[in-house]
Number of protein chains: 2
Amino acid sequence: MQGEKRSKIAGERTAVAGRSDADEDSRNLVNSLAKGLRVLESFTAERPELTLSEVASLAKIDPGTAFRMLNTLVMAGYVARVPDSKRFRLTLKVTDLGFHAIARADLRELARPILRSLVGEVNEAASLGVLDGADILYVERVRAGLTRIGVDIRIGTTIPAFWSTIGEAMLAFLPSAELERVLSLKPRPGVFPHKPMNRSEIEASLKNVRECGHALRDSYFGSGLRVLAMPVLDVDNYPLAAVSVAVPQIQMSSKEFREHALDAVRRATVDIARAIQASGSVSAIA
Amino acid sequence: MQGEKRSKIAGERTAVAGRSDADEDSRNLVNSLAKGLRVLESFTAERPELTLSEVASLAKIDPGTAFRMLNTLVMAGYVARVPDSKRFRLTLKVTDLGFHAIARADLRELARPILRSLVGEVNEAASLGVLDGADILYVERVRAGLTRIGVDIRIGTTIPAFWSTIGEAMLAFLPSAELERVLSLKPRPGVFPHKPMNRSEIEASLKNVRECGHALRDSYFGSGLRVLAMPVLDVDNYPLAAVSVAVPQIQMSSKEFREHALDAVRRATVDIARAIQASGSVSAIA
DNA sequence: AAATAAATTTCGCAATCCGAAAAATCGGAA
DNA sequence: TTCCGATTTTTCGGATTGCGAAATTTATTT
């Protein structure tokens with residue numbers, strides 16, 4: 001079909017409107033590179049070693065092609081033949097590529113593009129916070145614009161954990177022993193609008209968050225913002241950090257907000273979890 | 001030999017005998033995949049963002065080709081365009097490949113909860129490493145929290161075995177023939193703080209570790225950490241892996257550290273050894 | 001030993017990829 | 001602003017090279 005189009009000379013490209021899009025996309029791509037990447041992707045943690053025919057069927061390519069692809073990857077050092085078997089496996093050279101993706105970047109840099117993807121049309125701001133003693137430390141924050149928002153949180157600010165929506169999201173997923181320890185710590189001094197809640201209020205609130213998987217409420221700081229926060233969980237469901245987004249209370253109801261933001265925030269937390277796992281620890285504030 | 005056969009059947013492509021080797025190599029390779037990999041490799045820690053023309057010159061390919069390669073990588077999700085600029089950068093998806101390359105997901109999973117039990121009030125971090133050639137590969141690592149700790153080791157990192165405390169713990173329990181073989185191998189390149197020790201120093205150090213049953217020393221990496229490591233031995237006393245824990249040097253002396261951590265670490269190594277035996281998965285990487 | 005399955009190689013066709021060069025776009029400098 | 005230079009993006013023809021089917025070799029099983 002592409003052959004036809006080509007022979008028709010360059011005039012009629014958009015004759016068939018429906019097709020021109022797909023063709024246009026594929027025009028500037030390299031198919032064999034895409035196939036080679038599919039070969040790499042067919043190796044997983046569960047299936048770290050594969051035979052030629054397994055690769056062929058997983059990557060949906062002809063065995064002959066798979067053979068050539070694997071040979072190329074072996075040449076390049078990304079794949080090795082397992083001795084005394086017909087199987088292949090990824091080498092550690094592949095991990096070098098990954099490190100280049102994240103090297104030198106601290107948690108803030110890794111999180112910033114992800115947070116940026118959360119603010120836009122509706123969301124005013126997105127933040128990333130971590131637990132530091134009894135407080136939440138704001139590690140990164142991205143705002144939609146410089147306009148609006150009176151009271152704002154700066155990077156480096158600390159707020160007692162259970163006055164922060166981010167804090168709620170994290171505390172709710174802490175193992176109970178850890179939670180006890182954190183609640184027994186004394187928050188840093190500062191001027192805050194509310195008096196501390198009593199223990200049973202905290203329990204009830206955290207239970208609710210744990211069940212929903214997120215915390216959602218109006219800001220305690222009189223900024224007129226509605227805030228939704230979700231924890232960044234590691235593979236064992238331990239909270240490493242939490243992400244929040246905010247919209248003006250007048251702009252949408254809690255229900256609308258949740259419907260609108262929840263999936264995007266969840267995706268962001270997964271991305272950040274991956275970034276943290278991949279990069280190991282990085283000092284929160286450089 | 002294959003060249004002969006070929007020329008009998010298929011005409012004169014191999015007329016010039018000298019060339020047949022080169023032809024033979026390239027016959028089963030896919031050139032555009034190799035070029036695409038060079039594109040990925042042109043991103044490094046020092047140059048995490050590149051323009052099209054930089055990629056083209058670094059990967060030694062035509063700008064037009066580089067454009068198509070980058071488009072393909074963007075499609076596949078391994079590269080992203082940096083907003084508001086003409087630059088490209090690797091995405092975190094690249095790190096996924098790396099994790100698939102790290103051997104035995106099950107080993108990590110069974111070790112993680114055990115490592116987690118080692119970190120807490122005093123210990124900053126606990127790690128599990130295996131021998132990979134002449135290097136130690138960090139397979140899993142659990143930290144106390146995201147704050148604190150400057151320099152840290154990522155999962156997937158490799159360090160020449162005798163610069164790593166985990167390495168000392170493993171080498172000390174290797175059969176002497178194996179030890180010879182490992183010491184004769186060349187570690188992966190990298191920037192490391194110390195020059196290699198000479199042979200007699202290594203001997204003395206390993207002898208000491210063998211007698212104590214553990215390795216204990218200050219990190220060579222200037223992180224201000226004190227590290228204690230013990231091997232995970234199978235039923236034949238062959239070292240399958242090693243566990244380490246770390247505390248800040250200022251927090252306690254070596255003596256206190258040993259008294260505090262030794263039993264817990266020993267229990268952890270025994271647990272991991274048992275778990276490995278139970279799950280049947282034994283072999284490290286060749 | 002035979003049969004079956006998998007891996008590797010062959011081979012011809014043409015689709016695809018390449019490179020050069022044109023076109024479009026961006027970024028400064030004047 | 002307008003112009004110029006550099007970079008990115010698209011075009012295009014041609015031949016390279018990658019593709020798939022089938023043949024051959026190798027291994028695995030019955």
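Each chain gets a letter, A, B and so on, in the order its sequence line appears, and its residues count up from 1. Note: hydrogens, waters and symmetry copies are ignored here, and every other heavy atom, side chains too, is used.
In this structure, OG1 in A/Thr65 is found 4.5 Å from CZ in A/Arg68, a value given to the nearest 0.5 Å.
For A/Ser32 and D/dG18, the shortest distance from a side-chain N or O to OP1 or OP2 is not below 4.0 Å.
As a whole-Å value, the separation of A/Asp84 CG from D/dT28 C1' is 16 Å. At whole-Å resolution of the value, CG in A/Leu73 and P in D/dG18 are 13 Å apart. Atoms CG (B/Asp62) and P (D/dC12) sit 17 Å apart, rounded to a whole Å. Spacing between atom CG of A/Asn31 and atom P of C/dA14 amounts to 19 Å, rounded to whole angstrom units. A straight line from CZ of B/Arg68 to P of D/dC12 spans 14 Å, rounded to a whole angstrom. Separating the CG atom of B/Leu29 from the C1' atom of D/dT16 is a distance of 15 Å, rounded to the nearest angstrom. One can place CG of A/Leu33 at 9 Å from P of C/dC17, the figure rounded to the nearest angstrom. The separation between A/Ile61 atom CD1 and C/dT8 atom P is 14 Å, rounded to whole Å.
Picking from C/dA20, D/dG18, D/dG20 the nucleotide with the shortest atom distance to the side chain of A/Lys35 gives D/dG20.
Ion pairing of B/Glu178 with B/Arg181 is present here, as a side-chain N (NZ or NE/NH1/NH2) and a carboxylate O approach within less than 4.0 Å. Between A/Glu54 and A/Lys86 there is no salt bridge, since no side-chain nitrogen of the basic residue lies less than 4.0 Å from a carboxylate oxygen of the acidic one. Salt bridge A/Glu140/A/Arg116: absent, no basic N to carboxylate O contact under 4.0 Å.
Rounded to 10 degrees, the angle between the two end axes of the helix from C/dA1-D/dT30 to C/dA22-D/dT9 is 50°, with five pairs used at each end.
Under the rule for a side chain to side chain donor-acceptor pair (under 3.5 Å), the partners of B/Ser127 that lie at least two apart in sequence or sit in another chain are B/Arg141. Every residue two or more places apart in sequence or in another chain that forms a side chain to side chain donor-acceptor pair (under 3.5 Å) with A/Asp263 is listed here: A/Arg266. With sequence neighbours left out, A/Glu49 forms a side chain to side chain donor-acceptor pair (under 3.5 Å) with A/Arg87, A/Arg89. A/Ser32 is linked by a side chain to side chain donor-acceptor pair (under 3.5 Å) to B/Ser32, counting only residues two or more places apart in sequence or in another chain.
Shown here for B/Ser164 and B/Ile159, the closest heavy-atom pair between the two residues is CB-CG2, 4.1 Å.
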Please write out the pairs of protein N or O atoms and N or O atoms of nucleotides 6-9 of chain D separated by less than 3.5 Å, giving the distance to one decimal.
residue : atom : partner : partner atom : Å
D/dT8   : OP1  : B/Thr51 : OG1          : 3.4
D/dT8   : OP1  : B/Leu52 : N            : 3.3
D/dT8   : OP2  : B/Ser53 : N            : 3.0
D/dT8   : OP2  : B/Ser53 : OG           : 2.9
D/dT9   : OP1  : B/Arg81 : NH2          : 2.7
D/dT9   : OP2  : B/Arg81 : NH2          : 3.3

